[in-house]
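Read the numbers this way: they start at 1 and go in the same order the structure lists the ligands and their atoms. All values below were derived from every heavy atom in this structure, side-chain atoms included, with hydrogens, water molecules and symmetry-related copies excluded. The structure presented is a predicted model; accordingly, all values stated were derived computationally and were not measured.
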Amino acid sequence: MEIIDGKKISSEIKEECKEAALKLIEKGITPCLAVILVGNDPASSIYVNNKKKACEFCNIKSLSYELDENTSEEELLKLIDKLNDDDSVNGILVQLPLPKHINEDHVIDRISPLKDVDGFHVNNVGALCTGLDGFVSCTPAGIIELLKRSNVDITGKNCVVIGRSNIVGKPMALLMLRENATVTICHSKTVNLKDICKNADILIVAIGKPRFVDSSFVKKDAVVIDVGIHRDENNKMCGDVNFDDVKDIVSKITPVPGGVGPMTIAMLMKNVIKASERY
Ligand code: GUN
């Protein structure tokens, strides 16, 4: 069994971004990401801080907009318009979730697709669907990097994705399809989940339930990617996969922490560099 080291691979990607940023700076382009946080959700604050720290490491300038919980949708859209029009801003990220009185679809739709480094805008989702170039959602893009840099062959493999969210499950399935896997998407209404998973050469789990997937779901020598992040009753971090139960069956597996988690921010940095190079 091999543990896929997301910490190491994400560091390599951030180093690559750092070098790419220096090259851009030499050409007179300072890569710049605007990060918008509305309200004071503690988890979101931590994510946003980590994104700003990664920017600093990669020589990417970050602009931080921390708006009051009561900010109106109109005010937020106005700020997005301003950043869309600002040539010194290459990427715009609005941290989700937003307060209930703000419609997330309106907000995502307003971000220029050319600055949508999260890859959430319908134009970028459509580009992924049809095979055009665009920005891809960071977590699924990071999983493709983990697989490629761990020498996992994807072509022709049976890939099962558990979860159908717009941020992870759906783009993940499209990316695996683009890599020529045979893809099955499972979700809460799937019948015979276990039997379908048992058939997977590559099993990607984003179900949001701590240690849900055990050895009875996993084929011998499968590659297992765990997207979940939870704290168990002892405050210990765990994923959607019961690591100890499956570790002797799998060929490769991502741990939690240190697997998929660090890749999301690394791919965000990569998207900011791409946005800056396009500019
Ligand atoms: N909230 C949870 N994940 C994400 C993400 O990838 N991007 C943004 N903007 N918000 C999130």
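- Under a 4.0 Å criterion applied to the non-hydrogen atoms of Val94, ligand 1 contributes the atoms 8 (C), 9 (N).
- No more than 12 heavy-atom neighbours from other residues, nucleotides or ligands sit within 6.0 angstrom of NZ on Lys61.
- For an aromatic pair to be called close, the ring centres must be under 6.0 Å apart, and Phe212 with Phe217 satisfies this.
- Taking atom 3 (N) of ligand 1 as the reference point, the nearest protein heavy-atom neighbour is Ile167 CD1, 4.5 Å.
- In Tyr47, the OH atom is not crowded: 12 or fewer heavy atoms of neighbouring residues, nucleotides or ligands sit closer than 6.0 Å.
- With respect to atom 11 (C) of ligand 1, the closest heavy atom belonging to the protein is Gln95 NE2, 3.5 Å.
- The backbone N or O of Leu114 sits less than 3.5 Å from a side-chain atom of Ser112, completing a donor-acceptor pair.
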Requested in this report: Given side chain to side chain contact (heavy atoms under 4.5 Å, CB included), test Cys197 with Asn199 step by step and report yes or no.
Outcome: CA-CA 5 Å; Cys197 293; Asn199 221 356; over 6 Å; no
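- Checked by distance only, ligand 1 and Asp118 come closer than 3.5 Å through their nitrogen or oxygen atoms.
- In terms of N/O distances under 3.5 Å, ligand 1 is not approached by Phe120.
- Protein heavy atom closest to atom 10 (N) of ligand 1, with residue, atom name and distance, is Leu96 N, 3.0 Å.
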